[in-house]
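Scroll down for the structure; my scribbles are underneath it.
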Amino acid sequence: MAGVLIGLALLAFWLFSLFDVVTTPEDEVRNVPKALWILIVVLIPLLGGLVWMARGRPRAPRAAHPVPPGPGVPKGPDDDPDFLRDLDRRMRGDDS
């Protein structure tokens, strides 16, 4: 039973790898041409799929890290001294 499950898992990985190679756009494939990747994955099922995942798949786009505001820029209304001064004046009723 364990052998059947391992065989099915290997078959599923091989089919996933093959489908991934076939559906990846030609200009996004890395290292070797797409046709050669298809041959590698078909002829060397487990190792070819692993190599495709590591060296052939397009890299996921990386999100840029957000740049924190500089030291002179307030982060929010409660960090802005002008806002706090105005708020304090309004709370005391000095709306002149």
Side-chain angles (χ1 to χ4, degrees):
M1 183 66 179
V4 172
L5 290 176
I6 291 172
L8 286 174
L10 292 174
L11 178 65
F13 176 72
W14 178 71
L15 288 173
F16 172 77
S17 300
L18 184 60
F19 182 77
D20 196 34
V21 173
V22 170
T23 58
T24 299
E26 179 78 36
D27 59 329
E28 294 181 15
V29 174
R30 297 186 298 149
N31 295 324
V32 296
K34 183 176 177 176
L36 187 56
W37 276 119
I38 292 172
L39 282 175
I40 291 170
V41 171
V42 167
L43 297 177
I44 314 168
L46 178 61
L47 185 60
L50 290 173
V51 173
W52 162 253
M53 295 295 167
R55 305 303 261 160
R57 284 185 101 192
R59 294 187 179 176
R62 294 183 179 182
H65 294 289
V67 178
V73 179
K75 296 178 185 174
D78 57 338
D79 293 333
D80 185 359
D82 294 330
F83 174 79
L84 293 174
R85 206 174 301 113
D86 184 52
L87 182 64
D88 187 44
R89 189 186 47 130
R90 283 188 287 153
M91 287 178 62
R92 290 183 183 184
D94 298 337
D95 290 333
S96 357

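Small disclaimer: the values here were computed from a predicted structure and weren't measured.
With sequence neighbours left out, the side-chain contact (heavy atoms from CB on, under 4.5 Å) criterion links F83 to P77, D80, L87, R90. Residues satisfying the salt bridge (Lys or Arg N to Asp or Glu O under 4.0 Å) criterion with D88, sequence neighbours excluded, are R92.
Both V29 and L43 are assigned to one and the same hydrophobic cluster, defined by single-linkage of ILVMFWY side chains at heavy-atom distances under 4.5 Å.
Under a 4.5 Å side-chain heavy-atom cut-off, the cluster of Ile, Leu, Val, Met, Phe, Trp and Tyr residues that includes F19 has no other member. Applying the 4.5 Å side-chain rule to ILVMFWY residues, one finds L8 in the same cluster as V4.
Screening residues 24-45 for side-chain hydrogen bond (donor to acceptor under 3.5 Å, both in side chains), with sequence neighbours left out, gives no hits. The list of salt bridge (Lys or Arg N to Asp or Glu O under 4.0 Å) pairs with a residue in residues 7-18, not counting sequence neighbours, is empty. Annotation: salt bridge (Lys or Arg N to Asp or Glu O under 4.0 Å) contacts involving residues 9-24, sequence neighbours excluded, comprise D20-R57.
Residues L39 and V42 form no side-chain contact, since every pair of their non-hydrogen atoms from C-beta on lies 4.5 Å or further apart.
Rounding to the nearest 0.5 angstrom, the gap separating the CE atom in M91 from the CG atom in L84 is 11.0 Å.
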Identify every side-chain donor-acceptor pair in residues 10-18 under 3.5 Å, counting partners at least two apart or on other chains, and give the distances.
{"unit_1": "W14", "atom_1": "NE1", "unit_2": "V41", "atom_2": "O", "d": "2.9"}
{"unit_1": "S17", "atom_1": "OG", "unit_2": "F13", "atom_2": "O", "d": "2.9"}

